[in-house]
Visitor: 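Please see the structure below; I have some questions.
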Amino acid sequence: MKTEKTFHQKVIETAQQIPYGKVSTYGAIAEFLGSKRSARMVGWVLNSQKNNMDIPAHRVVNRRGLLTGKLHFQGVNLMQNLLISEGIEVVDNQIVNLEKYLWKDFS
DNA sequence: TCTATGACTCCGG
DNA sequence: CCCGGAGCCATAG
């Protein structure tokens with residue numbers, strides 16, 4: 001059987017494209033995949049692959065820059081800590097100057 | 001096959 | 001910007 005690239009595999013590949021010090025949104029990834037409305041699926045995939053350390057899921061936030069997935073992380077402070085560690089300003093579970101760090105130039 | 005669920009997003013107030 | 005409601009798509013059971 002062929003293993004066609006499933007949605008969640010595409011999400012993984014896309015998420016891995018986010019460089020250090022940058023972040024992206026579920027909507028941006030979903031849009032890149034072809035369906036802007038499937039942003040929920042992006043989160044669903046990350047949830048399924050959350051044990052996969054190869055995915056920088058901490059660089060994926062919702063449209064407002066809010067760390068929606070932080071509660072699903074191993075540690076409640078892990079996500080915010082990682083972002084700050086990369087030079088990203090995070091206050092009250094939200095990224096400051098999201099536009100400045102937003103990565104939407106997927107290739 | 002159908003139903004339920006979700007780390008979202010958009011719209012109107 | 002916050003709140004409530006609706007839409008959308010893929011996976012699991």
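Keep in mind that what you see is a predicted model, and the values were worked out from it rather than measured. Chain letters run A, B, ... following the sequence lines, proteins first, then strands; residues in each count from 1. Both backbone and side-chain heavy atoms feed into the values below; hydrogens, waters and symmetry mates do not.
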Visitor: Would you mind building the protein contact string for nucleotides 5-10 of chain C? One character per nucleotide, 5' to 3', B for base within reach (heavy atoms under 4.0 Å), S for sugar-phosphate only, - for untouched.
Guide: --BBBB

Visitor: Taking salt bridge (Lys or Arg N to Asp or Glu O under 4.0 Å) as the cut-off, I'd like each qualifying pair that reaches into residues 22-45 of chain A, sequence neighbours left out, listed once.
Guide: none

Visitor: Which value, rounded to the nearest 0.5 Å, describes the distance between A/His8 atom NE2 and A/Gln49 atom CD?
Guide: 4.5 Å

Visitor: Can you list, by residue number, the residues of residues 72-107 of chain A that have a non-hydrogen atom closer than 4.0 angstrom to DNA chain B?
Guide: A/His72, A/Phe73

Visitor: With a 3.5 Å distance limit and no angle check, can you tell me whether A/Asp92 reaches the backbone of A/Gln94 through a side-chain donor-acceptor pair?
Guide: no

Visitor: To the nearest angstrom, how far is A/Tyr26 atom OH from B/dC10 atom C1'?
Guide: 18 Å

Visitor: Measure CZ/A/Arg63 against P/B/dC8 and give the value in whole Å, please.
Guide: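 Atom-to-atom, A/Arg63 to B/dC8, this comes out as 14 Å.
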
Visitor: Reckon A/Ala57 touches a base, only the sugar-phosphate, or nothing at all at heavy-atom distances under 4.0 Å?
Guide: base

Visitor: Could you tell me the separation between the CD atom of A/Gln9 and the OG1 atom of A/Thr14, rounded to the nearest 0.5 Å?
Guide: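 Going from the CD atom of A/Gln9 to the OG1 atom of A/Thr14 covers 10.5 Å.
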
Visitor: Among B/dA7, B/dC8, B/dC10, which is the nearest nucleotide to the side chain of A/Lys36?
Guide: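 Among B/dA7, B/dC8, B/dC10, the one nearest the side chain of A/Lys36 is B/dC10.
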
Visitor: Run the side chain to side chain contact (heavy atoms under 4.5 Å, CB included) test against A/Thr68 and tell me which residues pass, sequence neighbours left out.
Guide: A/Tyr26, A/Asn62, A/Leu66

Visitor: Only counting residues at least two apart or in another chain, list the ones meeting side chain to side chain donor-acceptor pair (under 3.5 Å) with A/Asn93.
Guide: A/Lys70

Visitor: Report yes if at least one side-chain N or O of A/Arg64 is closer than 4.0 Å to OP1 or OP2 of B/dT9; otherwise report no.
Guide: no

Visitor: Using side-chain heavy atoms (C-beta onward) and a distance below 4.5 Å, is A/His58 in contact with A/Leu83?
Guide: yes

Visitor: Through direct or indirect side-chain contacts below 4.5 angstrom among Ile, Leu, Val, Met, Phe, Trp and Tyr, which residues connect to A/Leu102?
Guide: none

Visitor: Please state how far atom CZ in A/Phe32 lies from atom C1' in B/dC8, giving the value in whole angstrom units.
Guide: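 The answer, rounded to whole Å, is 19 Å.
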
Visitor: Starting from P on C/dC1, measure out to CG on A/Leu66 and report it in whole angstrom.
Guide: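 Value for this atom pair: 12 Å.
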
Visitor: Rounded to the nearest 0.5 Å, how far does CZ of A/Arg59 lie from OG of A/Ser24?
Guide: 11.0 Å

Visitor: Between A/Asn62 (CG) and B/dA7 (C1'), how many Å, whole number?
Guide: 9 Å

